[in-house]
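Proteins come first, then strands; the chains are lettered A, B, ... in the order of their sequence lines, and each starts at number 1. Only a predicted model underlies this, so the values are computations on that prediction, with no experimental measurement involved.
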Amino acid sequence: MTKEQEGALSVYRILDLTDSWGAYCAKLLADLGADVIKIEMPEGDPGRAMPPFVDDIPHPEKSLYFLHRNAGKRSITLNLETVEGIDIFEKLVKTADVLIDNSPPDYMDYLDLDYPALQEINPRLIMASITEFGHSGPYKYRKGSNLVDFAMSGVMITSGYPGKEPCLLPGSPAYDAASVHANISILCALLMRSATGQGQYIDTSVHETSRMGLYPWIVPNYSYALNPGGPPPTHETRMGAAIYPVYPCKDGLIRVVALTPRQWDALVRVLGSPEVLLMEEWRNFMYRIGNTDDLYAIMIEFTEKYTMLELFEAGKREGVPIAPILNIADFYNSPHTKARGYFVEVDHPVAGKADYPGPPYKWTETPASIGRPAPCLGEHNEEIYCKELGLSKNDLVALRGAGVL
Amino acid sequence: MLPLENVKVLSFGTGGVGPDACKIIGELGADVIKIESKDNLDFMRTIGPDINNIGQFNEANRNKQSFGVNLKSDKGKELVSQLIKMADILVENFRGGVMKSLGFDYENVRRLNPEIIYVSSQGFGGGGPFSDHQAYGPMLSSASGMLSIWAQPDDPYPVGSNSPLPDHMASKHVVIAALAALDYKRRTGKGQFIDMAQTEVAASLIGEHYLDYTFNKRTAKPMGNRSPYAAPHGCYACKGTDEWCAITVFTDEEWDSFCDVIGNPSWTEDPKFAGLLGRLKNVAELDEKVREWTATLDAHVVMETLQAAGVTAGVVQRAPDTLADPQLKWDNAFVELDHPVSGKRLYPGIPFHLSDASPLQSTPAPMLGQHTEEICRELLGMSDDEIKRLLDEDILHSPANTESSGKGMFG
C-alpha cells in the first residue's frame, strides 16, 4: 500500500515521541497524509505490550491497540538518553514541522531537548507537549491513568448503571480528549506559521482537556442552577436508563431519545398506540423519569414485538429518535457501514491482513486514508537513517551495538 | 495574532456537535456566524422556558454571532447566499437531507463559492441506508458498538451515561477536519467537501475492539472498570453517599506502595496478591478488601494519601469538585461570561495553550438574531429601511421581533 493521492497534510513531517496514550494525536495527522515518524526507544513503545493481541499471542507487532493507533506511521528506534542519540535526533528536528511528546514534566529539559533548545536548531518547529496535569501547578508531579483521569473529568459520576460503581467509557477517553486538543493546537500553529515563519510551543494536559472537552455542559448546568429562577439543580449521579431508556426488542436492544411530548407521542405511535401508553401523564418527561421502573415494565411488552431495525425505521417515520444498540459485530456488518466503506483492509507484515476502522470522514479533494500499516519496531531505520541522514549500514550496526538505535 | 484571525465561518445546525465545533473555531479567533431560524429553532434553544437563557445552548454557542433569518423565504436564502460567498468554512450538522431541502447542499454552495470548505457532520454520514436518520448524542454510542461494551459485566443491559458522550469528541474531529482543510486551501486555493459520520468517530475511539473482531473473530463484551493488566483498577466507594475514588495499580512497586499506605494489613501478605497474575485472578476478593479500606475515608483523603505515596488515584468528581480542583484553578480553567439574559455564569475555559498566540477570548452566546442588523449593515451593505422592512415581514429575526419564551421541551 502506498499513498496514491495527496492528503491535506502531505507536506508536513511529524516526529511522534508519544507512547500509546498520545498515539491518537499523530494518527489523525497520518490519516490526512502527514509523514509521521514514530521515534521509539530501542526496546519499543510500551504500547506494543498492550492487550488484546492478534491470536491472543503477546508480541510487539501484534497489539491491537498499537496497530490501530499507529497505523499510517513509520518507526525508527533511537535512544535519546545517549550522546549520539541526541545528535541524530537534532538532525531529524531540522527536517520536521512538528514534534509531539508525552513524556512527564521536566523530562525533555533533562535531556536538554526543551523547546528553546530545539527552536535554536529549527525555528519553524512546532512542539506539542501532552502531560497528565500540565507543566506547572499543584498536581504537576501526580500520576494519572486513563481511569483516574476520566474519573476526575467530572463525566464518570453520571456514567454507568444506576446505583452501581461508576463505569469507564470504553477506549481511552481522557487521553483521546488530550490528543484531539493537541491536534487542533498543532493545526492552529501550522496556520500561524504560514504567516509568521515561526514555530511555537503547545502545552496540553489530559486533566484540563478531559474536563473541558469531553462534556462541557456539566459546568453551565451547575452554574445556571445556582441562581434563583434557574432550572432545578440536578443531583449528579447515574440516571442513564431514566433519561435515555434502553428496551429489549426481538433481536437485541434499542435506545430511545424521547424528551419532548411530541417525541413521546411519536414513540407511542411507533408501538401501535396501545391504550396503556395513551395516559396523559406519560407525556410529561419528569413524570416518566419518576416512574422509570413502571414504564419499563409496560414498554417491554410492546418493544419486544419488533426488531431493532423495524423500530429504528419506524422512529424515523414517526419522528422519535430510536437507535439500535449494535454490538461490535453488528456495526462492522451493518449495511450502512459497508456502504460507506468505513473499514479498510490493511496488510501488516507480521500481524497479517485484516479490516481496520478507517478515518471517520470522507474528503473529496484530499482523501483521508490509512496510508500504511502500523510500523514494526525500527522498520524504517535504514530508510531514514541511511537514505535521508546519510549514515552507512556499518554506522547502523555500530549504533545498534552501542544501544543508540 | 489569533490562530484563525480573519477566517469567516458559517455555522448551520443544532444540538451539540456542529455548535461545539464552531464554538471552538470562534474561540481560536475566527468570525463565526450562526444561521438561525425562529420557525426551526436549534433544539437546544427549546429545552427551557426562555430560548435565550439555556445553559447548554449558551455554552455550545459561545463565540458566535447570530443571524436570524427565515430560511424558507427566497429573500432569506438570497441573503444567506451572499454570506456563503464570503465564507471560508461552512459547518452543518442538520439531519441528512435538510441542507439539500434548503438549497444549501454542497453542490449548490460550491456554485456560489467554489473554494469553500464544507464540513457536514451527521450521525451516520452520507452514502448509505441510514444517512437521513436523525442522531442525537446518545444514539452515537448506541449505533457504533460503543454502548454495547459500556457497562459492568453484570449489568442487566448497558445504559452508558446521562451525558450524550461521545458527541463532544465528534465535534473536535469536525474542528480538525476544518482546520486541516483550511491549511490545504491556503496552500492550493482548493476547497472541498468533508462528510463525517459521528458513529465512525465513536468506532474509531474503540478501534482495538474492532480489530479484535476482524483479527480474532471476537465480539467484545463489557469489562466495566477492570483492566486485563492492572489490579486494583476501579472506582471504590468512600465515606458518604455515592462518593468514589478511582485507583489504578499497574506495577508491583505501586502495589507495595499501596500496601504501605493502607498499613500493610495481614491480607496484603497473602501470597495470592503478591504478583499481578495473582491479583488479577483474585480480583473480586481484592476489590472487596480495597473497598473495606476506602469505605471509612473521605474520597479526597483516599486520593491525597495514595498520590503522596506514588499510587495513581483520583476522586470521581462532580461539577463543584472540578470547580474547586486545585490544578484546574491554577490553570484558570473556567471562565465567567456575562450573557445579556442569563447574566454572569461559569463555563469551561479554553484548553488551547499556544505560546505565541494572543490570549484567546470567549464571548457569550448570542440571543436569537442578536447580530442580524449588524451583519446586514456591515457585511451585506443593506440600508436601515430595507433591514426594517425585512424584520417587519419576518424574513429577518432580531431579539426585538422574536418571542423568546418557549414552552420548554418538558412542558
[X] side chain vs [Y] backbone, donor-acceptor pair below 3.5 Å:
X        : Y        : answer
A:Thr364 : B:Phe193 : yes
A:Glu165 : B:Cys235 : yes
A:His336 : B:Phe124 : yes

Decide whether [X] and [Y] meet the rule of one side-chain donor and one side-chain acceptor closer than 3.5 Å.
X        : Y        : result
B:Ser163 : A:Trp217 : no
A:Ser145 : B:Thr248 : yes
B:Gln56  : A:Asn221 : yes
B:Tyr136 : A:Gln263 : yes

Write down the atom of [X], the atom of [Y], and the distance for their closest heavy-atom approach.
X        : Y        : answer
B:Pro320 : A:Tyr222 : CB-OH, 3.5 Å
B:Leu328 : A:Met212 : CD2-CE, 4.3 Å
A:Leu214 : B:His168 : O-CB, 3.3 Å
B:Ala319 : A:Ile218 : CB-CG2, 3.5 Å
A:Arg69  : B:Ser204 : NH2-O, 4.3 Å
A:Pro357 : B:Leu211 : CD-CD2, 4.0 Å

Gap separating the [atom1] atom of [X] from the [atom2] atom of [Y], nearest 0.5 angstrom:
X        : Y        : atom1 : atom2 : value
B:Ser148 : A:Ile325 : OG    : CD1   : 8.5 Å
A:Arg142 : B:Met303 : CZ    : CE    : 5.0 Å
A:Ile322 : B:Gln134 : CD1   : CD    : 11.0 Å
B:Arg318 : A:His235 : CZ    : NE2   : 4.5 Å
A:Gln198 : B:Asp356 : CD    : CG    : 7.5 Å

Is it the side chain or the backbone of [X] that comes within 4.5 Å of chain B heavy atoms, both, or neither?
X        : value
A:Val180 : both
A:Asp176 : both
A:Thr204 : neither
A:Tyr12  : side chain
A:Tyr161 : both
A:Lys338 : neither
A:Pro359 : backbone
A:Pro166 : both
A:Ala195 : side chain
A:Ser63  : neither

Quiz item: So, are A:Arg340 and B:Asp195 salt-bridged, with charged N and O less than 4.0 Å apart?
Solution: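 Yes, A:Arg340 and B:Asp195 are salt-bridged.
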Quiz item: Does the pair B:Arg218/A:Asp56 count as a salt bridge with the N-to-O cut at 4.0 Å?
Solution: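 Salt bridge present between B:Arg218 and A:Asp56.
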4.5 Å side-chain heavy-atom contact, [X] and [Y]:
X        : Y        : value
B:Thr214 : A:Tyr356 : no
A:Pro216 : B:Tyr347 : no
A:Ile157 : B:Trp244 : yes
A:Ile202 : B:His353 : no
B:Asn58  : A:Tyr224 : yes
B:Ser342 : A:Pro220 : no
B:Phe334 : A:Val219 : yes

Could you tell me which of [options] has the largest number of non-hydrogen atom pairs under 4.5 Å with chain B?
options                                : value
A:Tyr141, A:Tyr215, A:Phe133, A:Tyr342 : A:Tyr342
A:Cys188, A:Gly171, A:Ala189           : A:Cys188
A:Ile243, A:Leu28, A:Thr366            : A:Thr366

Quiz item: Under a 4.5 Å heavy-atom cut-off, does chain A meet the side chain of B:Asp132, its backbone, both or neither?
Solution: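 Both backbone and side chain.
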Quiz prompt | Heavy-atom contact with chain A under 4.5 Å, split by part of B:Ile247 | solution = backbone
Exercise. Quick one: do A:Lys143 and B:Val311 satisfy side chain to side chain contact (heavy atoms under 4.5 Å, CB included)? Show the steps, please.
Key: CA-CA 7 Å; A:Lys143 290 169 84 171; B:Val311 179; over 6 Å; no
Practice problem: Would you please test B:Met223 and A:Leu168 for side chain to side chain contact (heavy atoms under 4.5 Å, CB included) and show each step? | Solution: CA-CA 9 Å; B:Met223 285 190 56; A:Leu168 183 61; over 6 Å; no
Which residue out of [options] racks up the most heavy-atom pairs below 4.5 Å with chain A?
options                                : value
B:Ala246, B:Ala143, B:Gly349           : B:Ala143
B:Leu28, B:Asp155, B:Leu179            : B:Asp155
B:Gly160, B:Pro228, B:Gly127, B:Gly123 : B:Gly160
B:Ala170, B:Gly234, B:Ala135, B:Ala237 : B:Gly234
B:His209, B:Lys329, B:Lys190           : B:Lys190
B:Ile54, B:Leu2, B:Asp321              : B:Ile54

Self-check item: Within the 6.0 Å centroid threshold, strictly below: A:Phe312 and B:Phe130
Solution: yes
Exercise. Evaluate the criterion salt bridge (charged side-chain N to carboxylate O under 4.0 Å, His left out) for residue pair A:Arg211 and B:Asp325; output intermediate values, then yes/no.
Key: CA-CA 11 Å; A:Arg211 166 63 289 207; B:Asp325 180 299; over 6 Å; no
Quiz item: Parallel, tilted or perpendicular: which describes the rings of B:Tyr210 and A:Phe343, with under 30° parallel and over 60° perpendicular?
Solution: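 Ring orientation, 0 to 90° scale: tilted.
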Self-check item: Intermediate values then yes/no, side chain to side chain donor-acceptor pair (under 3.5 Å), A:Asn327 and B:Thr219
Solution: CA-CA 7 Å; A:Asn327 69 20; B:Thr219 301; 5.1 Å; no
